Amino acid sequence: MWITPEHRSVVVGVDGSPNSMAALRRAAREAVERRARLDVVRVLEPSAAPRPMGTAREWLRLRRLVADAIPRVQHLTTRLRVVRGTPSEALPRAAEHAELLVIGARFHSERGNPLGGDTVPAVRERTRCPLVICADQTTDAPS
């Protein structure tokens, strides 16, 4: 067993989609290899009046997703966080002092972006640490 210094972390954004789950599995492997803490972040859309019970429900859902995706034998220090904002702003902020940020992306978006939507380019632009973009290989791949 090792002690993970506070400044060593791998951050991953998880919303439950297949691509975010692929990112979670990759981030867990990276955290183990780096002997870093795994910070799992769920970003909720900003609202005028945040509901504490909704946030708690999302935290419990996030805990269940992590427990199902990461084997306990990895002995991984994990921190779960539910934050409000847009993913393109909240994820780089969460990874401000991280060694690595891992996010999931669809193969194609409605706008023709091969990395999926507006989030990936915005996160790439704002993040200061290295970024890994993952896609679930079991989803529909481009021909």
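Keep in mind that what you see is a predicted model, and the values were worked out from it rather than measured.
- For the pair Glu58 and Arg61, the salt-bridge criterion is met [side-chain N within less than 4.0 Å of a carboxylate O].
- Note that CD of Glu45 and OG1 of Thr86 are 7.5 Å apart. Values are rounded to the nearest 0.5 Å.
- The line from CG of Leu100 to CG of Leu38 is 10.5 Å long, rounded to the nearest 0.5 Å.
- Taken to the nearest 0.5 Å, the CG atom of Asp39 stands 11.5 Å off from the CG atom of Leu91.
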Problem set entry | Arg63 vs Leu60, side chain to side chain contact (heavy atoms under 4.5 Å, CB included): CA-CA, chis, key distance, verdict | CA-CA 5 Å; Arg63 184 177 75 168; Leu60 291 171; 3.8 Å; yes

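- Judged by distance alone, the side chains of Thr55 and Arg84 do bring a donor and an acceptor atom under 3.5 Å apart.
- Of the N and O atoms on the side chains of Asn19 and Ser17, not one donor lies less than 3.5 Å from an acceptor on the other residue.
- Closest heavy-atom contact between Ser20 and Gly13: CB-O, 3.8 Å.
- Minimum interatomic distance between Ala122 and Ser88 (heavy atoms only, all atoms of both residues): CB-CB, 3.3 Å.
- With a 4.5 Å cut-off on side-chain heavy atoms, Pro130 and Leu101 do not count as touching.
- Considering all non-hydrogen atoms of both residues, Val120 and Gly104 come closest at CG2-O, 4.4 Å.
- Summarising the geometry, atom CD belonging to Glu99 is positioned 7.0 Å from atom OG belonging to Ser9; distances are rounded to the nearest 0.5 Å.
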For this session: Just do the side chain to side chain contact (heavy atoms under 4.5 Å, CB included) check on Val40 and Leu62 with the steps written out, would you?
Result: CA-CA 8 Å; Val40 183; Leu62 185 61; 3.6 Å; yes

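- Contact of the Val83 side chain with the Arg42 side chain is not registered, since no non-hydrogen atoms from C-beta on lie closer than 4.5 Å.
- Nearest heavy-atom pair, Val123 versus Pro87, reported as atom, atom and distance to 0.1 Å: CG2-O, 3.9 Å.
- Using a 4.5 Å cut-off on side-chain heavy atoms (C-beta onward), Arg37 and Arg8 make no contact.
- In terms of heavy-atom proximity, Ala28 sits nearest to Ile70 at CB-CD1, 3.8 Å.
- Taking CZ from Arg124 and CD1 from Ile133, the interatomic distance works out to 6.0 Å, rounded to the nearest 0.5 Å.
- Closest heavy-atom contact between Ala23 and Val102: O-CG1, 3.5 Å.
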For this session: Mind running side chain to side chain contact (heavy atoms under 4.5 Å, CB included) on Val14 and Met21 for me, showing each step along the way?
Result: CA-CA 7 Å; Val14 174; Met21 298 308 291; 4.0 Å; yes

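- One finds the CG atom of Leu24 at 14.0 Å from the CD1 atom of Ile103 (value rounded to the nearest 0.5 Å).
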For this session: Could you please spell out the steps behind the side chain to side chain contact (heavy atoms under 4.5 Å, CB included) verdict for Val43 and Asp15?
Result: CA-CA 7 Å; Val43 180; Asp15 63 5; over 6 Å; no

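- For the pair Arg29 and Glu33, the salt-bridge criterion is not met [side-chain N within less than 4.0 Å of a carboxylate O].
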